[in-house]
Undergrad: 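Shown below is the structure under consideration.
If you read the sequence from its start, that first residue is 1, and numbering goes on from there. As the structure lists them, so they are numbered: ligands from 1, and atoms in each ligand from 1.
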Amino acid sequence: MEIKKVGVLGCGLMGSGIAQVAAMAGFDVTALEVEQKYLDKGFAGIEKSLAKFVERGPEKGGITAQQKDEARAHLKGTTNKQDLADCDIIIEAIIENVPQKKEMYTSLDGIVKKECIFATNTSSICVTELLGATKRPERFIGLHFFNPVPLMKLVEVVRTIATDGEVYETAYEFAKKLGKVPVRTSDKTGFIVNRLLVPYLLDAIRAYEEGVGSIEDIDNAMKLGCGYPMGPFTLLDFVGLDTTYYITHVMHDEFKERRFASPPLLKRMVMAGWYGRKSGKGFYDYADPAKPVAGRF
Ligand code: CAA
């Protein structure tokens with residue numbers, strides 16, 4: 001089967017990024033949100049990102065002004081689920097909440113054509129739990145993108161025990177057509193990246209709690225000692241402490257291992273509403289976003 005029309009559920013950070021890369025790759029994209037104001041916010045982010053690609057220019061991996069206009073012409077926003085009826089693939093990137101995701105899939109299942117592939121961008125929820133909300137379990141997969149979607153090359157393509165082989169290969173090829181590098185993985189909580197990344201990030205917090213080093217020093221150590229683009233605390237603030245805290249619950253619930261359990265400090269920061277960069281404060285204070293100041297806890 002050929003994918004031509006893409007639906008994206010949710011136009012937040014991940015959804016808008018997915019909609020953008022699909023439009024840049026020449027697919028017709030319809031993004032669904034519950035209210036126009038969320039579409040406006042998501043599309044403003046896309047506009048900013050496309051402008052950065054134009055600034056960079058095609059010779060350095062960016063795009064031309066004409067390519068930007070073409071990408072924009074492929075993008076539509078809607079608050080009406082009926083507008084997704086003829087999509088070939090729908091990628092869901094709404095809030096990480098099982099009942100809300102299930103409700104969304106169930107309502108779309110009756111609207112969207114039966115050949116359409118349903119994909120979830122969940123980072124930790126069991127894909128198999130979600131497919132039960134539809135009558136198309138064999139056409140249900142995980143497509144896990146990384147933040148910032150326009151820059152990060154990886155997509156985890158997640159197969160469940162119910163996934164049809166041809167559907168899986170179609171989704172894998174689709175990820176390539178988006179200009180991404182797909183990796184094959186199965187529906188084990190956290191897939192490949194979070195299975196390895198989450199214990200590392202949580203260990204960085206434990207190391208800080210145990211006085212191994214300051215936040216800046218641990219960040220610098222991992223950046224300069226291992227060549228990581230961001231130290232663990234910068235990355236935690238970037239991913240969102242609320243998101244990470246949520247993932248720890250799902251992973252700890254699945255594996256019952258301490259390495260996936262939230263350290264006390266992470267819990268307290270989330271309780272205090274310090275979610276990282278998006279809330280203005282996390283392990284760093286972003287009062288001046290250009291000069292984050294590391295906290296002392
Ligand atoms: N769209 C387009 N261009 C963008 C952009 C965007 N959203 N954001 C930045 N750019 C451009 C910048 O303008 C800049 O362009 P020039 O080179 O022309 O100046 C270029 O990209 C590089 O940006 P920066 O200099 O600001 O930053 P950088 O070189 O440090 O790269 C980064 C930024 C790619 C985010 C890098 O820091 C990085 O790889 N960090 C790690 C990110 C990561 O690990 N993400 C995964 C998180 S885990 C997750 O998402 C999954 C989960 O389940 C939780």
Side-chain angles (χ1 to χ4, degrees), residues 11-24 41-64 67-68 71-72 91-96 120-127 142-158 178-181 183 185 188-202 204 219-220 222-224 226-251 260 262 266 275-278 282 284 286 289-292:
C11 204
L13 197 64
M14 297 305 284
S16 63
I18 295 166
Q20 179 186 334
V21 296
M24 287 173 80
K41 194 168 174 220
F43 277 60
I46 293 175
E47 195 59 35
K48 253 169 108 175
S49 174
L50 288 173
K52 280 185 189 171
F53 277 116
V54 172
E55 222 173 274
R56 195 182 309 162
E59 57 292 334
K60 288 194 201 142
I63 58 173
T64 62
Q67 284 171 317
K68 175 186 171 185
R72 240 206 254 111
I91 307 167
E92 169 271 312
I94 67 168
I95 184 172
E96 290 283 77
T120 176
N121 177 56
T122 186
S123 56
S124 57
I125 291 169
C126 175
V127 180
L143 274 183
H144 184 213
F145 292 80
F146 292 81
N147 181 24
V149 180
L151 299 187
M152 300 299 281
K153 281 284 177 195
L154 185 72
V155 177
E156 292 179 314
V157 187
V158 184
L178 295 181
K180 302 295 181 194
V181 177
V183 291
T185 185
K188 307 279 182 332
T189 302
F191 317 130
I192 299 173
V193 171
N194 280 334
R195 175 77 162 250
L196 301 177
L197 177 66
V198 170
Y200 156 70
L201 294 176
L202 301 181
D219 263 359
N220 276 331
M222 296 314 291
K223 254 176 82 169
L224 305 176
C226 295
Y228 291 0
M230 290 176 170
F233 294 106
T234 305
L235 185 54
L236 277 158
D237 279 357
F238 183 71
V239 169
L241 304 190
D242 52 337
T243 306
T244 308
Y245 186 57
Y246 178 81
I247 295 174
T248 64
H249 281 91
V250 183
M251 296 193 76
F260 298 113
S262 171
L266 177 63
Y275 296 159
R277 209 182 268 225
K278 64 183 164 192
Y284 290 83
Y286 298 90
K291 285 195 192 123

Undergrad: With atoms numbered from 1 as shown, which atoms in ligand 1 lie under 4.0 angstrom from a non-hydrogen atom of S123?
TA: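 Those atoms are 53 (O).
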
Undergrad: Hey, is atom 31 (O) of ligand 1 touched by any protein heavy atom at less than 4.0 Å?
TA: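 It does not; no protein heavy atom is within 4.0 Å.
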
Undergrad: Tell me the contacting part of H144 for ligand 1: side chain, backbone, both, or neither, using a 4.0 Å heavy-atom threshold, strictly below.
TA: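 The answer is the side chain of H144.
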
Undergrad: Please examine the side chains of H144 and N194, heavy atoms only from C-beta on, and report whether any two atoms are closer than 4.5 Å.
TA: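 SC-SC contact between N194 and H144 confirmed.
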
Undergrad: May I ask whether K48 has any heavy atom positioned less than 4.0 angstrom from an atom of ligand 1?
TA: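 No.
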
Undergrad: Establish whether atom 39 (O) of ligand 1 and some protein heavy atom are separated by less than 4.0 angstrom.
TA: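 Yes; the ligand atom in question has protein heavy-atom contact below 4.0 Å.
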
Undergrad: Rounded to the nearest 0.5 Å, what separation is found between the CD atom of E96 and the OG1 atom of T122?
TA: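 Taking CD in E96 and OG1 in T122, the distance rounds to 3.5 Å.
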
Undergrad: Between CE of M251 and OG of S123, what distance do you get to the nearest 0.5 Å?
TA: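 Taking CE in M251 and OG in S123, the distance rounds to 9.0 Å.
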
Undergrad: For a quick test of reading the model, state the closest non-hydrogen atom pair linking I18 to V149 and the distance between them.
TA: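 Closest approach of I18 to V149, heavy atoms only: N-CG1, 3.8 Å.
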
Undergrad: Among protein heavy atoms, which sits nearest to atom 44 (O) of ligand 1, and what does the distance come to when rounded to 0.1 Å?
TA: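 For this ligand atom, the closest protein heavy atom is L235 CD1, 3.5 Å.
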
Undergrad: Against heavy atoms of P148, which atoms of ligand 1 measure under 4.0 Å?
TA: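 Checking each atom against P148, I get 35 (C).
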
Undergrad: What's the shortest distance from atom 46 (C) of ligand 1 to any protein heavy atom, and which residue and atom give it?
TA: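 Nearest protein contact, heavy atoms only, for atom 46 (C) of ligand 1 is N147 O, 3.6 Å.
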
Undergrad: Are any side-chain N or O atoms of K180 and backbone N or O atoms of M152, one a donor and one an acceptor, separated by less than 3.5 Å?
TA: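 Checked: pair present.
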
Undergrad: Hey, could you give me the CG/OH distance between L236 and Y284, rounded to the nearest 0.5 Å?
TA: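 Here the rounded value is 10.5 Å.
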
Undergrad: Could you work out, for atom 52 (C) of ligand 1, the closest of N194, I46, T243, V21 by heavy-atom distance?
TA: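 Shortest heavy-atom distance from atom 52 (C) of ligand 1: N194.
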
Undergrad: Is there at least one protein heavy-atom neighbour under 4.0 Å from atom 19 (O) of ligand 1?
TA: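 There is no protein heavy atom less than 4.0 Å from atom 19 (O) of ligand 1.
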
Undergrad: In the protein, what heavy atom is nearest to atom 13 (O) of ligand 1, and what distance, to one decimal place, separates them?
TA: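 Among all protein heavy atoms, the one nearest atom 13 (O) of ligand 1 is K52 CD, 3.5 Å.
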
Undergrad: Heavy-atom contacts under 4.0 Å between S49 and ligand 1: side chain, backbone, both, or neither?
TA: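 For S49, backbone and side-chain atoms both sit under 4.0 Å from ligand 1.
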
Undergrad: At what distance is the nearest protein heavy atom to atom 47 (C) of ligand 1, and which residue and atom is it?
TA: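 Looking only at protein heavy atoms, the one closest to atom 47 (C) of ligand 1 is V239 CG2, 3.7 Å.
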
Undergrad: For the residue pair L235 and Y228, establish whether any side-chain heavy-atom pair is separated by less than 4.5 Å.
TA: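 With C-beta onward as the side chain, the pair stays apart.
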
Undergrad: Look at atom 11 (C) of ligand 1 and say which protein heavy atom is nearest, naming residue and atom and giving the distance to 0.1 Å.
TA: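 The closest one turns out to be R56 NH2, 3.2 Å.
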
Undergrad: So which heavy atom in the protein is nearest atom 49 (C) of ligand 1, and how far is it from that ligand atom?
TA: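 It is F146 CD2, 3.5 Å.
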
Undergrad: Quick check: closest heavy atoms across P292 and P289, and the distance to 0.1 Å?
TA: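 Between these two residues, the closest heavy atoms are CD-O, 3.8 Å.
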
Undergrad: Need the ligand 1 atom indices (1-based, order shown) with element for anything under 4.0 Å from a heavy-atom of F53.
TA: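 This gives 1 (N), 2 (C) as the contact atoms.
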
Undergrad: Got the closest protein heavy atom to atom 37 (O) of ligand 1, with its distance?
TA: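 It is M230 CE, 3.6 Å.
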
Undergrad: Classify the angle between the aromatic ring planes of H249 and Y245 as parallel (below 30°), tilted (30 to 60°) or perpendicular (above 60°).
TA: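 Taking Y245 first and then H249, their aromatic rings stand perpendicular (interplane angle over 60°).
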
Undergrad: Indicate whether atom 27 (O) of ligand 1 is within a distance of less than 4.0 angstrom of some protein heavy atom.
TA: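 No, there is no protein heavy atom closer to it than 4.0 Å.
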
Undergrad: With the side chain counted from C-beta on, respond yes when L202 and T248 share a heavy-atom pair under 4.5 Å apart, and no when they do not.
TA: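 The answer is yes; the side chains approach within 4.5 Å.
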
Undergrad: In terms of residue, atom name and distance, what is the protein heavy atom nearest to atom 33 (C) of ligand 1?
TA: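 Here the closest protein heavy atom is L151 CD1, 4.4 Å.
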
Undergrad: Is the backbone N or O of G15 less than 3.5 Å from a side-chain atom of N121, with the two atoms forming a donor-acceptor pair by type?
TA: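 No, N121 side chain to G15 backbone: no donor-acceptor pair under 3.5 Å.
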
Undergrad: Can you find a protein heavy atom under 4.0 Å from atom 24 (P) of ligand 1?
TA: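 False for atom 24 (P) of ligand 1.
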
Undergrad: Does a side-chain heavy-atom distance below 4.5 Å link E156 with F146?
TA: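 Sidechains of F146 and E156: in contact.
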
